[in-house]
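Have a look at the structure below, then the notes.
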Amino acid sequence: MAISTALWSFALVVGLLTLTPGLDTALILRTSALGRRRRAWGVVLGIQSGTLLWGVLTSLGVTALFTASHLAYLTLRWAGAAYLVWMGVRMLRDTFRGLPAEGADDPALLAGTDSFAGGWRQGVLTNLLNPKMGAFYVAVLPQFIPAGTSHFTMGLLLASVHIVMGLAWSTVLIGFARVLHGRLRKPQARRVLDRITGTVVAAFGVRLALGD
């Protein structure tokens, strides 16, 4: 397999994966739609930092050893599940707190922390605590490394393709979410968004815990 063929083939696979709605999509849309643009980009770059690290570890063969350890895999899976359920439940819990008067802007939204660092931490934790990302890289990445090439260099190149596609799709998501920002300034709309996102995040955590 030629390097160019490997890159295009891998781009097709991860492109379909990137476009499939999931946890990352929900977090990016929710954060950006609430007007926290710096935090949204922090989430995006945190997710891609995690992707890069998975690519590096896979290229070095570390994740192959990690995946071979059932105990290590279970530990990471349960830690990831607990984190996602905690994050989802916290979102749902906050929606049952007192709301501002009808027609008023949500002061919590207007005064919310728009922290790039906070978004980055959330993004990278969400990515790294998902053992399925590691399993995907261990199973898929080696299939696109042509014989005779450096595993580490080619692995980083493939991971970079994944990152570029993720950044491009995230830009589209953030742009779309900004259109919704005006409507989501109202507390009732924000409550609906947080309940949807919280349910999605918690459901991913439960699904991860059950090993589905």
Note: Asn127 and Gly50 closest approach over all heavy atoms is OD1-C, 3.2 Å
Leu16 and Phe10: same hydrophobic cluster, using ILVMFWY side-chain contacts below 4.5 Å?
-> no
Might you point out which heavy atoms bring Ser170 and Gly166 nearest each other, and give the distance in Å?
-> OG-O, 2.8 Å
Apply side chain to side chain contact (heavy atoms under 4.5 Å, CB included) to the pair Gln48 and Leu53, showing each step before the final yes or no.
-> CA-CA 9 Å; Gln48 300 312 323; Leu53 185 55; over 6 Å; no
Over all atoms of both residues, closest heavy-atom pair of Thr149 and Pro146 = OG1-O, 2.7 Å
Quick one: pull up CG in Leu157 and OG1 in Thr153 and give me the separation to the nearest 0.5 Å.
-> 8.5 Å
For the residue pair Leu141 and Gly55, what are the closest heavy atoms and their distance?
-> CD2-O, 4.3 Å
Enter the distance from Arg93:CZ to Trp86:CH2 here, rounded to the nearest 0.5 Å.
-> 8.5 Å
Would His162 and Trp54 count as a side chain to side chain contact (heavy atoms under 4.5 Å, CB included) if you check the C-alpha gap in whole Å, the side-chain angles of each, and the deciding distance to 0.1 Å?
-> CA-CA 11 Å; His162 193 179; Trp54 281 122; over 6 Å; no
Close side-chain approach of Val14 to Phe136, heavy-atom, < 4.5 Å | yes
Hey, any chance Trp8 and Leu17 share a hydrophobic cluster, counting ILVMFWY side chains that come within less than 4.5 Å of each other, even indirectly?
-> no
Mind running side chain to side chain contact (heavy atoms under 4.5 Å, CB included) on Ile47 and Ile28 for me, showing each step along the way?
-> CA-CA 10 Å; Ile47 291 170; Ile28 294 168; 4.2 Å; yes
Can you name the closest pair of heavy atoms from Ala40 and Thr31 and give their distance?
-> N-CG2, 3.5 Å
Between Asn130 and Met133, does a side chain to side chain contact (heavy atoms under 4.5 Å, CB included) hold up when you go through it step by step?
-> CA-CA 6 Å; Asn130 183 2; Met133 271 293 295; 4.0 Å; yes
Tell me, do Leu19 and Met165 make a side-chain contact under 4.5 Å, heavy atoms counted?
-> no
Rounded to the nearest 0.5 Å, what's the gap from OG on Ser150 to CD1 on Ile145? Could you check?
-> 8.5 Å
Cluster link Ile163 to Leu125, ILVMFWY, side chain under 4.5 Å | yes
Rounded to the nearest 0.5 Å, what's the gap from CG on Leu173 to CZ on Arg30? Could you check?
-> 15.5 Å
Within a strict 4.5 Å, meaning less than it, do heavy atoms of the Ser9 and Thr5 side chains meet?
-> yes
If every non-hydrogen atom of Trp120 is compared with every non-hydrogen atom of Ser49, which pair is closest and at what distance?
-> NE1-OG, 3.1 Å
Just wondering, do Arg38 and Ser115 contact through their side chains at under 4.5 Å, heavy atoms?
-> no
When rounded to the nearest 0.5 Å, the distance separating CZ of Phe152 from OG1 of Thr58 is 11.0 Å
Check whether Val43 and Val164 end up in the same hydrophobic cluster, where Ile, Leu, Val, Met, Phe, Trp and Tyr are linked by side-chain heavy atoms less than 4.5 Å apart.
-> no
Any Leu45 side-chain heavy atom under 4.5 Å of Leu167 side chain | yes
Any chance you could measure Tyr137, atom OH, to Leu158, atom CG, to the nearest 0.5 Å?
-> 8.0 Å
